[in-house]
Q: 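Provided herewith is a single structure, encoded as structure tokens, for subsequent inquiry.
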Amino acid sequence: MDLVIRNARVVDGSGADSDRADVALQDGRIQEIRREGEGPRPSARRTLDADGLALAPGFIDMHAHSDLALLRDPDHSAKAAQGVTLEVLGQDGLSYAPVDDRTLAEVRQAITGWNGDGGDIDFDWRTVGEYLDRLDRGFDGQGIAVNAAYLVPQGTVRMHAMGWEDRAPTPEELDRMRQLVAEGLQQGAVGMSSGLTYTPGMYAQDGELTELCRVVAAYDGYYCPHHRSYGAGALQAYQEMVDLTREAGCALHLAHATMNFGVNEGKAPDLLALLDRALEQGADITLDTYPYTPGCTTLVALLPSWAGEGGPRAVLDRLADDATAERIRRVLEDIGSDGCHGVPIAWDTIEISGVSDPGLASCVGKTIAESARMRGEAPWTTARRLLIGDRLGSTILQHVGHEENVRLIMKHRAHTAGSDGILQGYKPHPRAYGTFPRYLGTYVRELGELSLEECVAHMTSRPAARLRLPDRGLVREGYRADLVLFDPDTVAAGSSFEAPRTLPYGIPHVLIDGRFVIEDGKRTQALAGKSVRRTA
């Protein structure tokens, strides 16, 4: 054997009770599992004594925004050090394939706040397959830090087929969108995402989305919507996605599924009852969450949908016009923008977490309300100035969540873990560096909301089943040796809102395909990650 991990507490990902065993690896797979008292212990060229450590399948991040980070950062310890061995990219309906030259330029500007402007990236792909090939090449043909799967982004597809117009597609445009989704799935995407509070994807009505979901279903993929509201009308927005995918015959995975803003305090039971009814009726539904109350997005995403029609250049033109900017303010502050989930904005909940222009760095870490008071001006004046000055590139933390809702949803039988980790900005959300150890340290060890075995299942076998991966997500003989060793007594998120890029504690070893990417708590030089593609 290549390696034997001895005396580990094997938490195998199934949710079953853990037990002590030796686990032998060869050629990137789990070759043998020998439990105590079962006979001769396996031997290998190398032995790792894991006494005191739990051995689990590698964690799967079901909602990641590392689409460019994996190509610019060979280290990528933000995820590797958490025990993440697979990320799902292409989230929220906006990413970088499939594109043409026009669409690529537009999407790069639209999601600068998520991934940077990409000026350091050679965009030598246009199709989904070419992007996955680029991930496989990684750095000098050696691969990337962790594995990655991809969702066809519906907003990008719509942008490609019909621009940024708020209207129904023509039959020809709808056919083009169907074709782009089908091609992406044929080339290896695992499903399709939407961002239904982000332009231009939010302009799609249910009939259009249903037709695209029929294509996804034909390839046994899943639909992953950031749905139309996590605030006012949130339950109706969830029900819309359940009904839509039932009509299309498509599996549903609800992105960062939570209930936010004051209107939804204490309403997690209502969401879970809705999901239970659908599951009992035969629906195929999963969801992901991160174990924090604030959200994170871009400042421009809060604007009303009509302000985004025509794309980023049109948004900046509207913001520059005083009369139109006043109309935007009234919607944001008095009515409730669809970009802000139908809830009138509270500027003291909107904290700037990152800017593209270093000259605006003094705004980072302050709420819009705080910056406005310091300048002696109205909050909208501050926000407008920042949107224009930063060319729509500012990211925000939105402090609108409820701890009770977070705890209830994470215990649901359909739950998986997703960081929604945005790695850009001076002060990113700590979930990007801390989601998985925070589940294990805070919600398992300290609060007892989940057992260790159940929590590991949420982060491994459940997402692997959603992704239709036949040889990942469990510690089983024949499965890929994507593994994490952690100390259940000390594992914890090091990241915080004050120091968001601090690496976690208590995760000394992480392996991908049997290769150490984290060893003795330090990042190795291994680039063991590749694209993980939908299989027929």
Q: Take the angle between the ring planes of Tyr222 and His253 and call it parallel below 30°, perpendicular above 60°, tilted in between.
A: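 If you compare the ring of Tyr222 with that of His253, the planes turn out perpendicular.
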Q: Tell me whether Arg108 forms a cation-pi arrangement with Tyr96, defined as NZ or CZ under 6.0 Å from the six-membered ring centre and within 45 degrees of its axis.
A: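 No - Arg108 does not lie over the ring of Tyr96 by the 6.0 Å and 45° rule.
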Q: Can the positive tip of Arg472 be found less than 6.0 Å from the middle of the six-membered ring of Tyr479, inside 45° of the ring normal?
A: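 No; the conditions do not both hold, so Arg472 does not lie above the ring face of Tyr479.
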Q: If we ignore angles and hydrogens, is there a donor and acceptor under 3.5 Å between the side chains of Ser305 and Asp338?
A: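 The answer is yes; a qualifying pair exists.
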Q: Between His226 and Thr197, do the side chains contain a donor N or O and an acceptor N or O under 3.5 Å apart?
A: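 A donor-acceptor contact under 3.5 Å links the two side chains.
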Q: Side chains of Ser193 and Tyr223: donor-acceptor distance under 3.5 Å anywhere?
A: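 Note: Ser193 and Tyr223 side chains miss the donor-acceptor criterion.
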Q: With no hydrogens and no angle check, do the side chains of Glu351 and Thr367 hold a donor and an acceptor under 3.5 Å apart?
A: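 No pair is found: no donor N or O on one side chain lies under 3.5 Å from an acceptor on the other.
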Q: Is a side-chain donor or acceptor of Asp61 paired with a backbone partner of His63 at a separation under 3.5 angstrom?
A: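 Answer holds: yes.
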Q: Check for me whether Arg431 meets the cation-pi criterion with Tyr292, that is, NZ or CZ under 6.0 Å from the six-membered ring centre and within 45 degrees of the ring axis.
A: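 Here Arg431 fails the 6.0 Å and 45° test against Tyr292.
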Q: Hey, are Asp67 and Asn115 close enough side-chain-wise for a donor-acceptor pair under 3.5 Å?
A: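 Asn115 vs Asp67: no donor-acceptor pair found between side chains.
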Q: Tell me whether the rings of Tyr131 and Tyr150 are parallel (<30°), tilted (30 to 60°) or perpendicular (>60°).
A: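 Rings of Tyr131 and Tyr150: tilted, 30 to 60°.
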Q: Side chains of Glu333 and Trp347: do they bring a donor and an acceptor to under 3.5 Å?
A: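 Yes, Trp347 and Glu333 have a side-chain donor paired with an acceptor closer than 3.5 Å.
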Q: Is it true that the side chains of Thr416 and His458 contain a donor and an acceptor less than 3.5 Å apart?
A: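 Side chains of Thr416 and His458: no pair found under 3.5 Å.
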Q: Side chains of Thr297 and Gln398: do they bring a donor and an acceptor to under 3.5 Å?
A: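 The criterion, which ignores hydrogens and geometry beyond distance, is not satisfied for Gln398 and Thr297.
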Q: Kindly say whether Leu452 contributes a backbone atom to a donor-acceptor pair with the side chain of Arg445 at under 3.5 angstrom?
A: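 No, the answer is negative, given that no donor and acceptor are paired below the 3.5 Å cut-off.
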Q: Output the distance between atom CG (Leu469) and atom OG1 (Thr460), rounded to the nearest 0.5 Å.
A: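 Result: 11.5 Å between the selected atoms.
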Q: Between Ser77 and Arg523, do the side chains contain a donor N or O and an acceptor N or O under 3.5 Å apart?
A: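 Side-chain D/A pair, Arg523 to Ser77: absent.
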Q: For a quick check under 3.5 Å, do Asp136 and Ser531 share a side-chain donor-acceptor pair by atom type?
A: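 Present: a donor and an acceptor within the cut-off.
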Q: Side-chain donor-acceptor pair under 3.5 Å between His65 and Gln91, yes or no?
A: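 On atom types as modelled, these side chains do not qualify, holding no pair under 3.5 Å.
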Q: Using a distance-only test with no angle check, is there a side-chain donor-acceptor pair under 3.5 angstrom linking Glu519 and Thr524?
A: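 No donor-acceptor contact under 3.5 Å links the two side chains.
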Q: For the residue pair His429 / Ser353, report whether a side-chain donor-acceptor contact shorter than 3.5 Å exists.
A: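 Distance-only check fails for Ser353 and His429.
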